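Below you'll find the structure, written out as structure tokens, and then a few comments.
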Amino acid sequence: MRVAGAGRCTVVVGSQWGDEGKGKIVDVLAEEVDIVARYQGGANAGHTVHVADGEFVLHQIPSGILHADKRCLIGNGVVLDVARFFEEYDGLANRGIDLDGRIGVSLRAHLLLPYHRWLDQAREEAASSQIGTTGRGIGPAYEDKAGRRGIRVVDVHAPERLAAMARAGLERARAAFPDRDAAGLAEELEGALSTAPRLAPLTTETGEEVWSALQGGKHVLLEGAQGTVLDLDHGTYPFVTSSTTTAAGAATGIGVGPTAIDEVLGVVKAYTTRVGNGPLPTAFSPEMDERVRRLGGEFGATTGRPRRCGWFDAVVGRLAARVNGLTGLAVTKLDVLDTLPALRIATGYRTPAGLVESFPADTALLDRVEPVYEELPGWQANTSEARSLADLPAAARAYLDRVEELLQVPVRMVSVGTRRQQIIRT
Ligand code: IMP
């Protein structure tokens, strides 16, 4: 057992449909930690961080990389797009970030190869009910993992086995869509596999690293990607991603037990957004949708797709509080609401069978529910310079208090802009 109180392990988890601003929150917290580790997902994520040198969008490398000397790990729960990983690695190095000795990749993580992307795109084009994936190959890579035919990072240490398994994977993909153009796919695969000698020296056992860091009194931050309602089990299935995005996924996706986790910080936007298909019960009217999308710059960091926007949904928030065991909330983009005269929060859904206050399992039902809203006054004042709760207008504090009360989770951080210093700690 770990000596109680020795180190500290914090999970940062998306508590809506992704894009909550986890990148910014992780970047702020990274200052105080020794290790930042990603535990699931892959290049579908797009974590945006604004620093003095400009904007960085991180897809697979943990957001902690922008703080010198922090060790950044990619856990076993990730599906690593190895070609894109090195593009990102080189892109950071070209911008002056020193990565030497700072990145570790789990031997147990699965490789996402070009044929996974090809399959993802083929399926999206063929399917009658499209998921609206990011097209990054996430579903097919996790299918190979669950189907026990995946290629793991450990296989880069056995080049012949790696090549044979990759050839078999390519053939399976081609056989699934024999009529689809596969020109260039074999060359792309060769290109991805040629990175193996670069990947080999970065490999590690992330569970062991994190465990010994915690035993040595260090602080570890486990960075989630996507969000609670995109979780394979708890989200709006089938309009979900293929991994466990919730806090439990942090333990299994890094290689430590749940008792190693000390706190779980749920990141929520002060309103709601969703990219990709699937229900969004609190969706705005088209006019408000347009307005908030513009105010909040709500376009996907990975795909550039416009995000659908809506009111804060406490039904989703309560689900997130429960399935993640949230111990605190980080509310982001509060400043985006600065000009709105009135705000709404959904507290329940009216369904043909009556009022529900917990998130229904029937995804089709979610298209037909009518949210029950509480209306709160807007503050119509600039919050972007606030650095403490006392600096906020009373109506903004009342809004945060109501979120806290409805979710029964204390607000620990409030973000009021894209820059690092635009943050309130409570
Ligand atoms: P996939 O993860 O690419 O398979 O996409 C499945 C669903 O998750 C789609 O609705 C995507 O738009 C959504 N999704 C995946 N990654 C992200 C993310 O990082 N932010 C927001 N939505 C995401």
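Indexing begins at 1, ligand by ligand and atom by atom, following the structure's order. All of these numbers come straight from a predicted model, not from anything done at the bench.
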What are the atoms of ligand 1, with element, lying closer than 4.0 Å to any heavy atom of [X]?
X	answer
G276	10 (O), 12 (O)
R305	11 (C), 12 (O)
W17	21 (C), 22 (N)

[X] with [Y]: basic N within carboxylate O range, under 4.0 Å:
X	Y	answer
R8	E263	yes
R136	D81	no
E298	R293	no
E205	R108	yes

Identity and distance of the protein heavy atom lying nearest [atom]:
atom	answer
atom 20 (N) of ligand 1	D19 OD1, 3.1 Å
atom 3 (O) of ligand 1	T134 OG1, 2.6 Å
atom 8 (O) of ligand 1	L230 CD2, 3.6 Å
atom 10 (O) of ligand 1	V275 O, 3.3 Å
atom 9 (C) of ligand 1	G132 O, 3.2 Å
atom 5 (O) of ligand 1	T133 CA, 3.4 Å

Under 3.5 Å between any N/O of [X] and any N/O of ligand 1: does that happen in this structure?
X	answer
T241	yes
N44	yes
N277	no

Candidate pair H59 and R84, rule side chain to side chain contact (heavy atoms under 4.5 Å, CB included), full reasoning: CA-CA 9 Å; H59 296 287; R84 299 243 159 127; over 6 Å; no
Can a side-chain donor-acceptor contact be found between [Y] and [X] if the only test is distance below 3.5 angstrom?
X	Y	result
T236	R274	yes
H219	T10	yes
D313	T272	no
D27	S63	no

Ligand 1 contacted by S242 (non-hydrogen, < 4.0 Å):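 Flag not set, S242 not near ligand 1.
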Which segment of V240 sits under 4.0 Å of ligand 1 when only heavy atoms are counted: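 Backbone only; the side chain of V240 stays clear of ligand 1.
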Closest to atom 16 (N) of ligand 1 among K22, Q226, R117, H59 (heavy-atom distance):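 Nearest option to atom 16 (N) of ligand 1, by heavy atoms: Q226.
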Pairs flagged by side-chain hydrogen bond (donor to acceptor under 3.5 Å, both in side chains) wherever residues 189-200 is involved - sequence neighbours left out: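 Passing the test, one end in residues 189-200: D90-R198.
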